[in-house]
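Since the structure comes first, as structure tokens, the remarks are kept for the end.
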Number of protein chains: 2
Amino acid sequence: MSKLFLMIEPLLRPRLFSCDTCLFKIITCQFIKQSEFDELQQRSSQLKFKKGEYILKQGATTTHLVFLQQGIIKFNLEDESGKNSILTITKAPSLIGGANVFYESINMFSVVAVEDCACCLIEIPLLMEIALGNTQYFMKLLEIITGMFKTSILNFISLAHKQVNGRIADVILYLAGSIYQSHSFTLSLSRKELAEFAGCSTENVIHTLSRFHREGILTVSSKKIIINDPERLQKISRIG
Amino acid sequence: MSKLFLMIEPLLRPRLFSCDTCLFKIITCQFIKQSEFDELQQRSSQLKFKKGEYILKQGATTTHLVFLQQGIIKFNLEDESGKNSILTITKAPSLIGGANVFYESINMFSVVAVEDCACCLIEIPLLMEIALGNTQYFMKLLEIITGMFKTSILNFISLAHKQVNGRIADVILYLAGSIYQSHSFTLSLSRKELAEFAGCSTENVIHTLSRFHREGILTVSSKKIIINDPERLQKISRIG
DNA sequence: ATCAAATCATGAAATAATGCAGTTTTTGCC
DNA sequence: GGCAAAAACTGCATTATTTCATGATTTGAT
């Protein structure tokens, strides 16, 4: 890419990140033509979201699939009385909003940035047009989307049939294993959000984390968490 | 159909129910050729399951999609320690095992007959062969399968973030609304199964049902349940 | 029809979880 | 840096839930 192009390119169509190294492309490019990918790219828009901003809003209609390029998001269910439930937390890279592709276009829940995010919004009609002409590509998309459904169902199972101790152990293990991928991490969620995720009161999260800290299972100091005894945490998760 | 044919047909290939009035056909026949449906029918097998029998077994691999023609089933998750959780209850007509179609062939959970069932087992590879050549049919299948995913997620949401009162109210309302479709019904589930569905102890189910009975919300006498005050039950469900 | 096993039911004690009131700490903003 | 607001924390009273012990009832097998 020439220096001149680098200078004027942002004026034409600013790119927050390169489409050539985009994982969505890497995952699926083996199945579609460069020309098809180029068209997708042309008609996609890259957007930044600050922590706390809505990426998709529950109840709104969408015509876009969101590829989360960078950041961490929560799936948020808001009920009539204003109570929030967090269905799951996901980090980039991830394809979100898949439920809308094959079913209906009204968002079942909100997607909110938990950390600053970079996203790519892909037009669903265009994507479908390409997918319908290409079985392998279609199947790949399906696999990604049903895989996400599956994950969130498994998430729920662990939450729905355990007591708070086990649920909080689950949440911590999930965050360590799937989000931060380390036994030592700095939470991007508040205690209130942890409570919305675990389905209990904020106080209960605080009490339980303090207890785990007292018992040496975790080291908790404000947002910083270290898992000292993963085995015991897993045991608590197992027995519920 | 001639009388002679009726006499010998069972010897050739016994049919528990007619394929021509099968809802799976009615839902999808508008999109596929009669010859395609005939082949599906040829290679499908009809089976009966008694109450308590496994239709699909968690952890086993399947190459068949199950169309539930008659009866009520539960989706059962069995953990290492032998604890059961009921994910959801579904009645005929319903297409089950859809998760296996696009993802992988290992059953995430068991499917067990809660009442005597009649099922039709459809070969997934053959179904896919037909679907891949027929966009509309494919989309229809997808809609059915993702719709089921969606329903079970919504089911969970209501269970995961409520207290036992609300969860049991939910379970009763779900059974009345979606399974028995009446305010007065005879349970095919035991108290233990209700507990596995609501995610609480068996005693808690019994206590709560007795309380609802005492308060005039329900009339409960062993397996027979009458909802006397749906509004109050709904309110309990809402406030959790 | 009878017996054993499973299910249903009840109450009481122990444990778990919530909600509240009040305090400290952190965060964001001018 | 200082201030206000939000978040984090603590202990305690209240409520919810489980667990256990016990007995009644129902179900299924022989």
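Predicted model only: the values in this text are computed from it and were never measured. Letters A, B, ... are given to chains in the order of the sequence lines, protein chains preceding strands, and every chain is numbered from 1.
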When the distance from [atom1] of [X] to [atom2] of [N] is rounded to whole Å, what number comes out?
X: B/E203; N: D/dT17; atom1: CD; atom2: P; value: 14 Å
X: B/N204; N: D/dT18; atom1: CG; atom2: P; value: 5 Å
X: B/K224; N: D/dT26; atom1: NZ; atom2: P; value: 16 Å
X: B/K51; N: C/dA6; atom1: NZ; atom2: P; value: 16 Å
X: A/H207; N: D/dA7; atom1: NE2; atom2: C1'; value: 15 Å
X: B/I206; N: D/dT26; atom1: CD1; atom2: C1'; value: 13 Å
X: A/R167; N: C/dT18; atom1: CZ; atom2: C1'; value: 12 Å
X: A/E196; N: D/dA8; atom1: CD; atom2: P; value: 11 Å

Kindly point out which of [options] is positioned nearest to the side chain of [X]?
X: A/K223; options: D/dA8, C/dT10, D/dT19; result: D/dA8
X: A/R191; options: C/dA17, D/dC9, C/dT18; result: D/dC9
X: A/V164; options: C/dT18, C/dC8, C/dC20; result: C/dT18
X: B/S190; options: C/dT7, D/dA8, D/dT10; result: C/dT7

> Got a donor-acceptor contact below 3.5 angstrom from the A/R191 side chain to the A/S222 backbone?
Replying inline: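 Flag set: sc A/R191 to bb A/S222 pair under 3.5 Å.
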> Does the pair B/E196 and B/K192 meet the rule for a salt bridge (Lys or Arg N to Asp or Glu O under 4.0 Å), with working shown?
Replying inline: CA-CA 6 Å; B/E196 287 170 355; B/K192 182 162 168 287; 3.3 Å; yes
>> Could you report the tightest heavy-atom contact between B/G71 and B/C117, atom names first, then the distance?
In response: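 Result for this residue pair: CA-SG, 3.8 Å.
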